[in-house]
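First the structure, in the form of C-alpha cells, and then the observations on it.
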There are 4 protein chains.
Amino acid sequence: MSLNSYGHLFRVTTWGESHGPAIGATVDGCPPGIEISAEALQVWLDKRKPGQNKFTTQRRETDEVEILSGVFEGVTTGTPIQLMIRNTDQRSKDYGDIAEKFRPGHADITYWQKYGIRDYRGGGRSSARETASRVAAGGVARAALAKLAPKLQITGYMVGMGEKDIDRTRFDWDEIGRNPFWTPDAKAAEEWAGYLDALRKDGSSVGALLEVTVRGCPPGLGAPVYGKLDTDLAAAIMSINAVKGVEIGEGMAAARLRGEANADEISMGHDGPTFNSNHAGGILGGISTGQDIVVRFAIKPTSSILTPRKTITKSGEETEIITKGRHDPCVGIRAVPVAEAMVAAVVLDHLLLDRGQTGGVRGPIG
Amino acid sequence: MSLNSYGHLFRVTTWGESHGPAIGATVDGCPPGIEISAEALQVWLDKRKPGQNKFTTQRRETDEVEILSGVFEGVTTGTPIQLMIRNTDQRSKDYGDIAEKFRPGHADITYWQKYGIRDYRGGGRSSARETASRVAAGGVARAALAKLAPKLQITGYMVGMGEKDIDRTRFDWDEIGRNPFWTPDAKAAEEWAGYLDALRKDGSSVGALLEVTVRGCPPGLGAPVYGKLDTDLAAAIMSINAVKGVEIGEGMAAARLRGEANADEISMGHDGPTFNSNHAGGILGGISTGQDIVVRFAIKPTSSILTPRKTITKSGEETEIITKGRHDPCVGIRAVPVAEAMVAAVVLDHLLLDRGQTGGVRGPIG
Amino acid sequence: MSLNSYGHLFRVTTWGESHGPAIGATVDGCPPGIEISAEALQVWLDKRKPGQNKFTTQRRETDEVEILSGVFEGVTTGTPIQLMIRNTDQRSKDYGDIAEKFRPGHADITYWQKYGIRDYRGGGRSSARETASRVAAGGVARAALAKLAPKLQITGYMVGMGEKDIDRTRFDWDEIGRNPFWTPDAKAAEEWAGYLDALRKDGSSVGALLEVTVRGCPPGLGAPVYGKLDTDLAAAIMSINAVKGVEIGEGMAAARLRGEANADEISMGHDGPTFNSNHAGGILGGISTGQDIVVRFAIKPTSSILTPRKTITKSGEETEIITKGRHDPCVGIRAVPVAEAMVAAVVLDHLLLDRGQTGGVRGPIG
Amino acid sequence: MSLNSYGHLFRVTTWGESHGPAIGATVDGCPPGIEISAEALQVWLDKRKPGQNKFTTQRRETDEVEILSGVFEGVTTGTPIQLMIRNTDQRSKDYGDIAEKFRPGHADITYWQKYGIRDYRGGGRSSARETASRVAAGGVARAALAKLAPKLQITGYMVGMGEKDIDRTRFDWDEIGRNPFWTPDAKAAEEWAGYLDALRKDGSSVGALLEVTVRGCPPGLGAPVYGKLDTDLAAAIMSINAVKGVEIGEGMAAARLRGEANADEISMGHDGPTFNSNHAGGILGGISTGQDIVVRFAIKPTSSILTPRKTITKSGEETEIITKGRHDPCVGIRAVPVAEAMVAAVVLDHLLLDRGQTGGVRGPIG
C-alpha cells in the first residue's frame with residue numbers, strides 16, 4: 001500500500017503537517033554501510049529552505065533535520081532511518097480565515113469532503129511544507145547512490161517560467177547553482193528576476209517548467225511492465241504538490257513526430273552501445289538505456305494570491321477569499337531540489353530492485 | 001511490489017508475451033457480486049483488436065478472452081479472476097531478423113542488457129500486445145464501477161495526431177465512436193484519414209495526443225500524498241507502451257499561467273459545490289473534486305517503420321534494420337481503449353481504497 | 001514491501017534502536033474522525049513499561065509517547081500518525097562488552113553477518129524495546145476499533161510459564177489485570193511469583209505461553225488465500241521478539257484429533273449462526289466466523305542470563321560472555337500488551353480491507 | 001496488497017477454483033536465466049497429486065502444468081511466469097448437497113457471509129486443490145535456488161499423525177521418499193499404514209504434524225523487524241489449508257525452557273561460526289544463522305468425514321450433513337510437498353531481497 005509511502009525496496013513514508021510539531025520521513029530499506037550525517041542532509045534541505053531570497057516565501061523555518069534512527073557511528077545500519085524536522089515558525093494567525101472557507105485551487109475542499117475533518121492551518125498535510133521530508137529522504141538516496149553508482153549525477157533546473165523559456169543554446173550546467181531560479185541560462189535568470197519581481201509586487205504568481213537530468217545512470221534499471229522506470233518517475237514527480245504534467249524525453253512533443261524523427265539510432269562506442277540522439281529520454285521499454293534520463297514537468301502557479309477569489313464556506317455560503325500568508329510567487333523554484341530528491345529515490349530504488357532480481361549482471365554486447 | 005502489477009486493492013497482474021501461447025491478466029480484489037461475462041469483456045477487447053481498418057496492424061488476432069476463475073454463475077465471487085487470451089496468429093518468421101539486431105526505439109536492447117536473455121519474437125513481453133490484457137482487466141473494473149458508481153463514465157478519444165489537432169469547438173461526444181480515430185471532431189477525422197493513409201504508404205508512422213475524461217466521478221477519491229489519484233493515473237498511463245508524457249487538467253500548460261487564471265473558483269450549486277472552471281482537471285491535492293477528471297497523454301510514433309535505421313547487433317557490429325512485420329502507422333489509435341481501461345482500474349481501486357479507509361462518508365458542505 | 005512495516009490498509013512502520021535518541025511508529029491509513037490522545041495511548045504503554053515490579057527489567061524508561069502528526073483537535077485526520085517515544089535511560093556502559101562478542105540466542109551475530117555493521121548498544125534494532133512502538137500503534141488501532149466495532153474486545157493473558165500452566169477451570173477474565181503475570185488464574189499467579197523469583201535470583205530466565213482472545217469480532221474478516229486473517233495474525237505474532245510458535249484455536253494439538261472431534265458443529269441462534277464448539281479458534285478458511293478468535297504463542301526465555309555462555313568474537317576467537325544489563329526473568333510478561341497491540345492492528349486492518357472490497361455487507365443466513 | 005499473493009520480490013499470485021476450468025499461479029520477479037520446464041515442475045506436482053495410494057483422495061486429476069509465459073527457449077526471461085493446471089475431473093454431482101448446507105469445519109459459511117456468494121463446488125476457492133498452484137510456483141523457486149544457492153536443500157516430512165509420533169533416533173533422510181507418509185522413520189511408516197487404514201474405513205480422518213528442514217541456507221536472509229524470515233515462513237505455512245499452528249526450532253516448547261537450555265552457544269568452525277545446538281531453528285532476530293532452518297506445523301483432520309454432523313442451511317434451518325465426495329483420511333500427507341513449495345518461495349524471496357538491499361556481502365567473522 002502506498003498512501004503516504006513510495007518505493008519498492010528503498011521505501012519512504014513521509015508524515016507531518018504544516019503547523020504540527022514536526023514533519024519527517026521514515027526511510028526503510030536503505031543499504032547498510034552508507035555514510036550519512038545530519039550535516040550532509042542539511043545541504044539539500046538548505047537548497048529548498050524558504051526565505052533565501054525575495055522570490056521564496058518569507059516563512060522562517062530553519063528546517064534542521066535530526067536523524068533519530070538507522071545510523072550508527074555515522075553509517076547506515078540497514079534499519080529504518082527516521083528523519084525529523086521540527087516546525088519552528090507556526091504563525092497560525094495568518095491562516096485563521098481559512099478554517100471556514102475553502103481556498104480555490106487548494107486541497108481544502110477535497111480534504112474536507114474526503115475525511116470530514118481537516119487541519120486547516122497552512123494547508124495541513126497538503127502543504128508544500130511536506131516536501132522538506134522528501135528532500136531529506138532524497139539526501140539519503142543520494143548518499144547511497146554516491147557509493148553504489150559513483151558516476152551518477154542528478155541535476156534539476158528550471159527551463160521555463162510563465163511565458164518565458166530558456167534558450168537551450170546557452171545551457172550551462174555550472175550556471176544552475178549561481179542564480180535564484182536554478183536555471184542553466186544566465187541571461188534568462190536576469191530577465192526572469194524582473195519578471196517575477198513584478199508578479200510578486202502584484203500579489204500574483206506564475207507556473208514553471210522544470211527538468212531533471214540523470215547523467216551516468218547505468219543501463220538495465222526499471223522493471224517492466226508496471227514497475228517501469230518512467231512509470232515510477234512519473235508517479236514520483238506527479239506526487240509533488242502543484243505538478244500537473246510529466247514528460248520523459250520528447251514528452252508531449254512525441255505526439256507530433258514521425259517514426260524516423262523519434263527513434264534513436266544505435267552505434268557502437270568504445271565502452272559499449274551509444275545512441276545518436278536521445279528522444280527517448282534515456283528509457284526504452286521502461287528500462288534505462290545508459291543515456292541521460294530526462295524528466296520534465298510543469299508546476300502550476302500557486303493559488304495563494306492577493307486577488308480576491310470567489311469561493312464557498314463549509315456551511316455552503318458563497319463568499320470571497322484572499323490568501324494573505326507568506327507565499328512564493330513561483331513555487332516552481334523550490335520544486336527543483338524536491339524533484340531531484342524524488343528522482344534520486346526512484347533511481348536508487350530501481351538499482352536495488354534490479355540487483356535483487358538479476359544480481360546486477362548485464363547482457364553482453366560486443 | 002509491482003513489477004507486473006498495479007493497483008492497491010483492485011490489483012491487476014498481467015503476464016504473457018507477444019508470441020507465446022497466451023497472454024492474460026490476474027485480477028485480484030474485485031468486489032463480489034459483479035456481473036461479468038466473456039461476452040461483456042469482449043466488447044472492450046474488440047475496440048482494441050488489430051486489423052479492424054487499414055490504420056491498424058493487419059495481424060489477425062481474434063483476441064477472445066476466456067474467464068478461468070473468480071466468476072460463478074455469471075457473478076464475481078471476490079476471488080481472483082483469471083482472464084486469458086490465446087495468441088492465435090504467431091507468424092514468427094516476420095521477426096527472424098531481430099533476434100540478432102536491436103531495433104532502434106524499441107526495448108530490444110534494454111531487455112537484453114537487463115536480463116541477458118529476451119524473447120525477441122514480436123518484442124516478447126515489451127510488445128504492445130500486452131495491452132490486450134489491460135483492456136480485459138479494465139472491463140472488469142468497468143463492470144464493478146457500473147454497480148458502485150453508476151453515473152460514472154470513462155471516455156477516451158484522440159485530440160491530436162502528428163502535426164494536426166482537433167478543433168475543440170467541434171467537440172461531439174457522440175462522434176467519438178463513429179470514426180476510426182476515436183476523435184470527437186468529425187471534420188478532423190476526415191482530414192486525418194488522408195494524412196495517415198499517406199504516412200502508411202510511406203512506411204512511416206506518427207505520434208498522437210489522447211485524452212480520457214471521467215464524468216460523474218464522486219468527490220473524495222485519492223489518497224494523498226503518494227497514493228494521490230493523479231499520481232496513480234500518471235503511473236497507469238505512463239506504463240502504457242509508447243507513452244512519453246502525461247497531463248492532468250491544464251497539464252504542461254499550467255507552467256504558463258498566472259494564479260488568477262489557474263485556480264478554479266467555487267460556487268454553490270443545487271447538489272453541492274460547483275466549480276466555475278476546471279483547470280485542475282478534477283483533482284485537487286490528489287483527491288477528486290467531483291468535476292470531470294481530464295487526463296491527456298502523448299504516444300510516440302512507433303519505431304517499426306520501413307525506412308532503414310542504423311543499429312548494432314548483439315555481437316556489437318554496426319548495421320541497419322528495417323522493421324517489416326505488420327504495424328500500425330499510428331499506434332495511438334489503439335491506445336484509446338487501453339487508456340480507458342487503465343483509468344477504469346485506477347478509479348475503481350481508489351473507490352475501494354476510500355471505502356476502506358473512510359467508509360465512503362463525505363464531509364458535509366452546506 | 002514490508003521490511004519494517006505491517007498491515008495492508010492500516011499500515012504501521014516502526015523505527016528506532018534501543019539506545020538511539022528515540023523510537024516510534026509511523027501509522028498510515030487510519031480512518032479519520034477517531035478520537036486519539038497521548039494520554040489514551042499511554043494507558044497501553046504503561047502496561048508494557050519496564051520497572052513496574054520485580055519481574056520486569058529495572059531499566060527506567062518513562063515511555064512517554066508524543067503524537068507528532070495526523071491528529072488535529074483530538075481527532076485523527078486520515079493522514080499519517082507519527083508516534084515518538086524518547087529513549088531516556090541509555091546506560092550504554094552496561095553493554096560495552098557486547099561490541100566485540102556475539103551473545104548466544106541474540107541477533108548480534110546475524111545482524112553483523114547480514115549488514116556488516118550493527119548498533120550493539122542494547123541490541124540496537126533487535127532489542128525488545130522496539131515493541132513499545134507496536135504498543136503505541138496498537139493503541140491507535142484500538143481507538144479505531146472502539147468506533148468501528150464497539151463490541152470487540154481484545155485481551156491477552158499468560159497461560160503458562162516454564163513448566164507451569166494455568167488451570168482453565170479457574171479462568172477468570174477479571175483476574176487478568178490484578179496480577180503481575182496477566183494471568184486469568186489467581187492461584188497460578190501466586191505460585192508463579194515464587195517460581196519466578198527463584199529464577200530471577202539465579203540470574204536465569206524462563207519462557208512463557210500466552211494467549212490473546214478477540215471477543216465480539218464480526219464475521220467476514222480475512223482475505224483468502226494469502227491475506228487470511230490467521231495468516232496475518234501468525235505473521236504479526238511471529239514478528240514479536242522471542243516468539244517461536246503460533247497457534248490458532250486447537251493449534252498444534254489439531255494434529256492429534258480426529259475429524260469428528262475437530263469440526264465445530266453449527267446451530268441457529270437468535271442472532272444468527274452459532275457454533276457448538278470452537279476448535280477453529282474463530283477462523284474458517286482464513287475468514288472470521290464471529291466466534292472468539294483465539295491466538296496462542298510461545299515466548300522463548302531471554303538469553304540475557306547471568307550464567308557464562310560460550311561464544312566467539314568478531315575476530316573469530318572463542319570466548320565466554322555473561323549478559324549483565326537489566327533484564328526480565330520472563331520476557332513473556334511484557335509480551336502480553338505487545339501481542340494485544342499486534343492483534344488489534346491486524347483486526348482493524350482486515351476490517352478496513354473487508355469494507356473496501358465488499359462494502360461490509362454480509363451474506364444473509366436465515 | 002496480498003489477498004491472493006505472497007512474497008516481496010519473488011511474488012506469487014494463485015488463482016482458480018476446485019471445479020472451474022483451471023487453476024494456476026502467476027509468478028513475478030523470478031530471476032532471469034533459470035532453466036525451467038513443464039517436466040521439471042511436474043516432478044513436484046506428482047508428489048502432491050491425488051490418487052497415488054489408498055491414503056489420498058481418489059479424485060483423478062492428472063495435474064499437468066502448462067507454462068504459458070515467462071520462459072523462452074527453456075530459460076526464464078525475468079518476466080511473469082504463468083503456470084496453468086487444467087481441472088480435468090470435475091464430478092460436480094458429488095457436491096450437490098453442499099449448495100445449501102454449510103459443512104462444519106469448512107469455509108462454506110465464512111465465504112458465504114463475507115462475499116454473499118460462493119462457488120460451492122468442491123469448496124471453490126477454499127479447496128485444497130489450490131495448493132497445486134503453490135507446488136508449481138514452488139518448483140520455479142526451487143529451480144532458481146538450485147542456481148543461486150546450490151547447496152541449499154528443502155525437505156518436508158511427517159513427524160506425527162494423530163496420536164502417533166516418530167522416534168527421532170530412527171530419523172533417516174533417505175527413508176522419507178520411500179513410504180506414502182513422507183516420514184523419516186521406517187518403523188513408524190509401517191505402523192501408521194494400519195492406523196490410517198482403519199480410520200479410512202471408519203470414514204474418519206486425522207490430523208498430522210509435519211516438519212520442513214532447510215539445509216545449507218546461507219546466513220543473512222531475513223529482513224527485520226516485520227519481514228523477518230520466521231515471520232514470512234509462519235505466514236506462508238499458516239496460509240496453507242488446514243494448518244492451525246506453526247513452530248520455528250523449539251517452537252511452543254520454548255515456553256517450557258530456561259535461558260541456559262535455550263540459547264545456542266557459538267563456536268568457531270573451519271568455515272566460520274558454528275552453533276553447539278539449534279534450539280533457534282536456524283533463525284535469530286529474524287535472520288538466518290546458516291544452521292538448519294526447522295519449521296514445524298500442525299494440520300487439522302479434514303472435516304470431510306462420513307459421520308453425520310449438525311449444521312444449518314442458508315435459510316437458517318438446522319440440519320445434518322455427511323460429506324461424501326472423495327477425500328483423504330489424512331490431508332497432512334499431501335501437505336508435505338505444499339509446505340516445501342512455500343518454504344522454497346520464501347527462502348528465494350529473501351535471498352533476492354537480501355541481495356537487493358545488501359548486495360549479498362556478509363560481515364566478516366575471523
Choice from Gly251(A), Gly105(A), Ala107(A) maximising heavy atom contacts with chain B below 4.5 Å | Gly251(A)

Can any side-chain N or O of Lys114(B) pair as donor or acceptor with the backbone N or O of Pro219(A) at less than 3.5 Å?
-> no

By a 4.5 Å heavy-atom criterion (distance strictly below it), what part of Thr289(A) contacts chain B: side chain, backbone, both, or neither?
-> both

Within the distance-only criterion (no hydrogens, no angle test), does the side chain of Thr110(A) pair as donor or acceptor with the backbone N or O of Leu284(B) below 3.5 angstrom?
-> yes

Does Arg309(A) come within less than 4.0 Å of Asp264(B), counting only side-chain N to carboxylate O?
-> no

Most heavy-atom pairs under 4.5 Å with chain B, out of Val206(A), Val246(A), Ile117(A), belong to Val246(A)

Hey, is Arg258(B) close enough to Asp202(A) for a salt bridge, meaning N to O under 4.0 Å?
-> yes

May I ask you to name which of Ala223(A), Cys330(A), Ser204(A) has the most heavy-atom pairs under 4.5 Å with chain B?
-> Ser204(A)

Contact leader toward chain B among Gly359(A), Ser267(A), Gly332(A), Gly272(A), where contacts are heavy-atom pairs under 4.5 Å | Ser267(A)

Kindly say whether Met268(B) contributes a backbone atom to a donor-acceptor pair with the side chain of Glu318(A) at under 3.5 angstrom?
-> yes

Of all of Lys164(B), Met161(B), Lys228(B), Glu163(B), which one pairs up most often with chain A through heavy atoms under 4.5 Å apart?
-> Lys228(B)

Going by atom types alone, do Glu265(B) and Thr311(A) pair a side-chain donor with an acceptor below 3.5 Å?
-> no

Do you know which of Gly285(B), Pro224(B), Ala208(B) has the most heavy-atom pairs under 4.5 Å to chain A?
-> Pro224(B)

Give the member of Gly116(B), Ala235(B), Ser304(B), Gly160(B) that has the highest number of heavy-atom pairs under 4.5 Å with chain A.
-> Ala235(B)

Heavy-atom nearest pair, Pro301(A) first then Leu257(B), reads CG-O, 3.4 Å

Measuring heavy-atom distances to chain A, does Phe297(B) have an atom under 4.5 Å in its side chain, in its backbone, in both, or in neither?
-> backbone

Which value, rounded to the nearest 0.5 Å, describes the distance between Leu221(B) atom CG and Gln113(A) atom CD?
-> 10.5 Å

What part of Arg125(A) is in contact with chain B, defined as an atom under 4.5 angstrom from a non-hydrogen atom: side chain, backbone, both or neither?
-> both

Of the listed residues (Glu317(B), Glu320(B), Lys314(B), Lys310(B)), which shares the most heavy-atom pairs with chain A below a 4.5 Å separation?
-> Lys310(B)

Taking Gly286(A), Gly222(A), Gly360(A) one by one, which has the highest count of heavy-atom pairs under 4.5 Å against chain B?
-> Gly222(A)

Ile240(A) portion near chain B, given a 4.5 angstrom heavy-atom threshold = backbone

Against chain A, work out which of Gly316(B), Ala255(B), Gly207(B) has the most heavy-atom pairs shorter than 4.5 Å and name it.
-> Ala255(B)

Under a 4.5 Å heavy-atom cut-off, does chain B meet the side chain of Met342(A), its backbone, both or neither?
-> side chain

Check side-chain hydrogen bond (donor to acceptor under 3.5 Å, both in side chains) between Glu130(A) and all other residues, then give those that pass, not counting sequence neighbours.
-> Thr14(A), Arg134(A), Tyr226(B)

Go through the atoms of Thr307(A) and report whether side chain, backbone, both or neither lie under 4.5 Å from a heavy atom of chain B.
-> side chain

One option among Thr13(A), Asp230(A), Thr302(A), Ile109(A) has the most heavy-atom pairs under 4.5 Å with chain B, and it is Ile109(A)

Distance col, row Phe102(B):CZ vs Ile266(A):CD1, nearest 0.5 angstrom, shows 7.5 Å

Lys244(B) side chain to Glu250(A) backbone, donor-acceptor under 3.5 Å | no

Ile248(B) side chain reached by Met238(A) side chain, heavy atoms, under 4.5 Å = yes

So OG of Ser303(A) and CG of Asn262(B): to nearest 0.5 Å the spacing works out to 6.0 Å

Between Pro273(A) and Ile312(B) the two heavy atoms that sit nearest each other are CB-CD1, 3.8 Å

Expected output: side-chain Arg256(B) to main-chain Gly162(A) donor-acceptor under 3.5 Å = yes

Hey, what do you get for CD1 (Ile365(A)) to OG1 (Thr313(B)), rounding to the nearest 0.5 Å?
-> 9.0 Å

Checking heavy atoms, do the side chain of Gln357(A), its backbone, both or neither come under 4.5 Å from chain B?
-> side chain

Just by distance, do the side chain of Trp112(A) and the backbone of Pro364(B) share a donor-acceptor pair under 3.5 Å?
-> yes

Can you tell me how far the CD atom of Glu260(A) sits from the OG atom of Ser205(B), to the nearest 0.5 Å?
-> 6.0 Å

Which atoms of Ile283(A) approach chain B - backbone, side chain, both or neither, heavy atom under 4.5 Å = backbone

The interface call for Lys300(A) against chain B, heavy-atom contacts under 4.5 Å, is both

Flag the one option from Ala236(B), Ala253(B), Ser126(B), Ala280(B) with the top tally of heavy-atom pairs under 4.5 Å to chain A.
-> Ala280(B)

